[in-house]
Amino acid sequence: MSALEIRDLEVAYERRGRGPVRAVVDASLSLGHGEIVGLVGESGCGKSTLARAAVGLIGPTAGTIVFEGRELRALDRGARSREAARLQMVFQNPYASLNPRRRVGRQIADALAILGLAGRDERPRRTRELLERVGLPASAASRFPHEFSGGQRQRIAIARALAADPSVVVLDEPLSSLDASAQAQIANLLVDLSHNSGLGLLLISHDLGIVHQVADRVCVMYLGEIVEEGATDEVWARPLHPYTEALIQAIPHPDGQRFMPEALPGEVPDPARPPTGCRFHPRCPLAFDRCTEEHPTLEPVVEGRAAACWLAAERAVKSSAGTAPRAAEG
Amino acid sequence: MSSAPIAIPEEAAVRRRRAKGLLSQPLAVVGLVIAVGWLLVASFAPLIAPYDPLAQDFALTQAPSSEHLFGTDELGRDVLSRVIYGSRLSLPLAILLVALATALGSLLGAMAGYFRSWVDPVVMRTTDLVFAFPAIILAMVVTASLGPNIRNAVLAIVIVAWPSYARVVRGLVLSIGDTEFVHASRLLGSSSRRTLLHDVLPNLAGPVVVLATLDLANAILLLAGLSFLGLGAQPPDPEWGSMVAVGTQYFQYWWMGTFPGLAIFSAVLAFNFLGDSLRDRLDPRGVSRSKHQGVA
Amino acid sequence: MTLLAVDELRVRVATEVQPLQIVDGVSYAVGEGRIFGIAGESGSGKTVSVLALMGLLPHGATVTGSARFEGNDLVSMPPARLREVCGREIGLVFQDPLTSFHPMLSVGRQLTEHVRHHYGTSRADARGRAVALLEEVRIPDPETALERYPHEFSGGMRQRIAIAGALMCEPRLLIADEPTTALDVTVQAGILRLIDRLRRDRSLSVILITHDLGVMSALADDLAIFYGGRIVEDGPAEELLASPRHPYTRALLEALPHPETARGAPLHGIPGAPAQPGSLPSGCVFHPRCAYAIEACSTEVPELRRIGERGLACPVDPFAP
């Protein structure tokens, strides 16, 4: 049984006067215990919306979230149950995710207190343990968030999430606000938590490099849809969806080889008025007739891999990466 | 990231100011001294005042002299003593008034912002209704209809003042309610109500305290204004505003209106200075700087 | 030919706590038609050093040293003349395309106002030039674009418009401060290609400031690595990135994920946090975080030694070939 399953998720919201915008469309993915799944995509692809819906901060318009075999309902007035609280989230902005007025130790102990996971006497010890687990000294507990750097605050946020004894943690761009060094350290911590503590992690990021390094499987999103999914190494080496390929080829390489990344022509369309057929077709170098008329869904192509592209099956057969996208001029 | 180095000097300056405390800001010190001074005067009035404020004398409208430092008024009462006793009316009443308005306004505003649904429109339309009237006019109407005395004046001003707090607090609750630490708190099992009390409200304290302190100044003024118009304190109460009112009728006896007026002026100034310095320390992002109708 | 020669540039900012040395003796040269990269993390002084050249620092900042641009020293130039020189000869592009623009003025108005101010160009001529530049930066339908407002464009488009704006006065030098950091990777690729093409077509010199070494690798001809207000290493970009010699540069490169590294293997972060002005370590600014530091590193400030075309501020030089 997978730890977290997202089935046919749709999140739409109304805009005054104009029609509804479907920020996430028909998205499905599953996350197992001890697994790290990366969710990548660029601005406007809906990955943050998906993350929030996955933990219940937003209610879905359609589809279900199944956590540890039970359907998860969105947050309402009441308190979350202890079982549901085993699904936690770490946010992007380390400066906004901690209450500036309360000491760090109290915030971590919050979960222990609210969920009844530790008695009053036990909480200080447990708080110390959690801080150590994320690589912070026990003395951090008596300090305030503003006394810490971005990377340290992110560790505190992770410790707080761990206090709820989660089986799955969704992380929404946890590394973007950090410098290179802190990114590396937090990424290592996440791998450690997953491999050694058996946590399932859903890592949302626009940084493909980190995701490639850290995630076991990766899902690629474009304009609200998951367009490709599979084991990270394979998706990297042999991307099936043209967008995935474009994404990989747009990453600069810091090796001094003067590699000029490939650009993608056109712009991301307005999610309120997506293109007909395949949402990517206006920018796709391989688009043909069928792409403008019929909308491809995410289908399994080969063992463990899925893609939403009419050409995916063909591309899977080729042994090397498919036709290079038309090099776009700057 | 690239703008960080330029921000550092500013941050360092603010930190330094905080570290040195209130004393580094001369205006705040002045304000504190005056405010504390008046509080002491109010507390020890019977010991300080040379005369009974209500005691009339035959020495009518005497100019300031060694016997009567501030002179006497039209009924022979010592102006200095009346000014001293006046602090026992104006200051505690203003503080009470602001406390009530803050409490009422903040509560309603927080409920409106946090629970939304029907609470929000009801509260907001009520504030709109109050805002439709100029503060002083509304206060006058309320006092006049309930009966002109000091208790009704206070009530009237509370009615006029609470909507500003409601508006500001509602705005703050809406923005804080959407921050990530509040979301995290909900995910950790905190109920809506608990989150409101533990996470949202404590972060409101700063801006609200600043608003309230600045409002104290306005409260004193408005109270004085109502009394000036005969709608607040009634004779023979030594309320500063009514003393100024009488003073305008006796212009040639300048001391009758001037000294109470100076008392009002100094108290208002003191609270303004204090409020400004509190704002720098508690509310650096300047929420309280935005449109706040206040009591005035 | 050197277009800009910076020598011993120092920037000191007076604060209430203590004076902060944000830039501490930086020297470099930007060649004509070449892209000079300034790389560093937050607090390294990279942005401030360039703003100092243009006179754009807040009050309380003291700038010493020299910066010879086309023969004239920018540091000692009177403010009015500096504004003129910078306005005409140097174009600036910042990180956030949204805040670089006035939200209430049309794109056309914002593009044309500088050239009209500095050169007295007529409105018609200025418009013509703006349209031509918008075409050059590949904004579709430039005529209509002039009438629209900044918020109507996407981030990538806005950055292209910002670049067009920076080029309106036909400057010889373009300074781009983290021009692609706020953009998606595919959009970034487009901007990088644009800068590359502009450099080739116009023989434009560029100072490119970024923390992203991948971007440097794509664009920069020469590169200087900033840390703690000083340059720790410099030289031709290709060589420097292929075989870095300063421990900081090497550590920075190693902290980045590599396609070849086994997945799940730990990334090599640099212990500690980047040095910030006001709390700089003694001696070599990097020594507390350096795995190769020796006794002398904590007491002596290393000089930027020239080794052929490269410069290195490290007496230990653990990666010498």
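The sequence lines fix the lettering, A, B, ..., with proteins before strands; numbering per chain opens at 1.
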| said: Only pairs of heavy atoms separated by less than 4.5 Å count here; which of A/Gln92, A/Gln88, A/Met89, A/Arg86 has the most with chain B? | reply: A/Gln88
| So which of B/Thr179, B/Asn203, B/Ile176 has the biggest tally of heavy-atom pairs under 4.5 Å with chain A? | B/Asn203
| request: Quick one: pull up CD1 in B/Ile264 and CD1 in B/Ile220 and give me the separation to the nearest 0.5 Å. | output: 8.5 Å
| query | Do B/Met111 and B/Val123 touch side chain to side chain, with heavy atoms closer than 4.5 Å? | reply | no
| request: I would like to know whether B/Leu104 and B/Leu108 meet side chain to side chain contact (heavy atoms under 4.5 Å, CB included); could you show each step before the answer? | output: CA-CA 6 Å; B/Leu104 180 64; B/Leu108 289 177; 4.1 Å; yes
| field | Contact class of A/Arg102 relative to chain B, heavy atoms under 4.5 angstrom | value | side chain
| Part of A/Leu75 within contact of chain B (heavy atom distance under 4.5 Å) | side chain
| N/O donor-acceptor pair under 3.5 Å between A/Ser205 side chain and A/Asp207 backbone | yes
| Would A/Asp165 and A/Arg82 pass as an ion pair if we require N to O under 4.0 Å? | no
| Sidechain-backbone polar pair: A/Gln183 side chain, A/Leu175 backbone, donor-acceptor under 3.5 Å | yes
| task | Give, as side chain, backbone, both or neither, the part of A/Asn99 having an atom under 4.5 angstrom from any heavy atom of chain B. | result | both
| Does a salt bridge link A/Arg125 with A/Glu129, judged by any charged N lying under 4.0 Å from a carboxylate O? | yes
| task | Please state whether the side chain, the backbone, both or neither of A/Arg52 comes within less than 4.5 Å of a heavy atom of chain B. | result | side chain
| Which residues, numbered in order, of residues 185-200 of chain B come under 4.5 angstrom of chain A by heavy-atom distance? | B/Arg186, B/Leu187, B/Leu188, B/Gly189, B/Ser190, B/Ser191, B/Ser192, B/Arg194, B/His198, B/Asp199
Donor-acceptor pairs under 3.5 angstrom involving side-chain atoms of residues 28-42 of chain B: please list them, not counting sequence neighbours.
from	atom 1	to	atom 2	distance (Å)
B/Trp38	NE1	B/Ser266	OG	2.9

| From A/Leu31 atom CG to A/Leu39 atom CG, the distance as rounded to the nearest 0.5 Å | 11.0 Å
| task | Identify which of A/Gly56, A/Pro100, A/Ala164, A/Ala85 forms the greatest number of heavy-atom pairs closer than 4.5 Å to chain B. | result | A/Pro100
| message | Quick check on the interface: out of A/Asp110, A/Ile114, A/Leu98, who has the most heavy-atom pairs with chain B under 4.5 Å? | response | A/Ile114
| query | Got a salt bridge between B/Arg167 and B/Asp128, using NZ or NE/NH1/NH2 to carboxylate O under 4.0 Å? | reply | yes
